[in-house]
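See structure below.
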Amino acid sequence: MDSTRSDDVSEIGIDDFMQIDLRAGTIVHAEVFEAARKPAYILHVDFGDDIGIKKSSAQITDLYTPDTLIGRQVMAVLNFPDKQIGPIKSQCLVTGFHNEDGHVALAVPDSPVPNGTRLL
């Protein structure tokens, strides 16, 4: 394995990685976040019966509309502290990657998994 990196991220051990509670959930509601300073949506993500539905503010308006997000599975970090963003409390961090244009493409499972499934 090549340990060369293109950025200043330090190496971590598997125990460090396992502290991140990264889980799959399904977007059940998405709306324009009118009060956001930068264009964003408020996402309601279902993580299954044990965890429930959590809200997230996501700056993903360049590649998605609210209608195209409903029913889409996403990967989100659940063990960051809640963050107050304007009038809403963001309860999870939905993950993604910047594409060549700098727009955020969601990180998603490549096939359906049960909501609440943890990334291994």
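If you read the sequence from its start, that first residue is 1, and numbering goes on from there. Hydrogens, waters and symmetry mates are skipped; everything else that's a heavy atom, side chains included, is used. Computed from a predicted structure; not experimentally measured.
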- Minimum heavy-atom separation for Gln59 to Ala40, with atom names? CG-CB, 4.0 Å

- Query: Between Ser56 (side chain) and Cys92 (backbone), is there a donor-acceptor pair under 3.5 Å?
  - Reply: yes

- Task: Using atom types as modelled and distance alone, determine if a side-chain donor or acceptor of Tyr64 lies under 3.5 Å from a backbone N or O of Leu106.
- Result: yes

- Not counting sequence neighbours, which residues clear side-chain contact (heavy atoms from CB on, under 4.5 Å) with Asp16? List them please. Ile12, Gln19

- Query: Taking only residues two or more places apart in sequence or in another chain, which ones pass side-chain contact (heavy atoms from CB on, under 4.5 Å) with Asp62?
  - Reply: His103

- Query: Is there a donor-acceptor pair closer than 3.5 Å between any side-chain N or O of Gln73 and the backbone N or O of Ala24?
  - Reply: no

- Query: Taking only residues two or more places apart in sequence or in another chain, which ones pass side-chain contact (heavy atoms from CB on, under 4.5 Å) with Lys89?
  - Reply: Asp82, Gln84

- Message: Tell me if a side-chain donor or acceptor on Asn79 pairs with a main-chain N or O of Asp21 at a distance below 3.5 Å.
- Response: yes

- Item | For the student: nearest non-hydrogen atoms of Phe97 and Ala107, plus distance | CE1-CB, 3.7 Å

- Query: How close do Ile85 and Ser57 get, heavy atom to heavy atom, and via which atoms?
  - Reply: CD1-CB, 3.8 Å

- Item | Shortest non-hydrogen contact from Leu78 toward Lys54 | CD2-CD, 4.3 Å

- Item | Single hit among Asp49, Ile53, Thr26 for side chain to side chain contact (heavy atoms under 4.5 Å, CB included) with Asn115 | Thr26

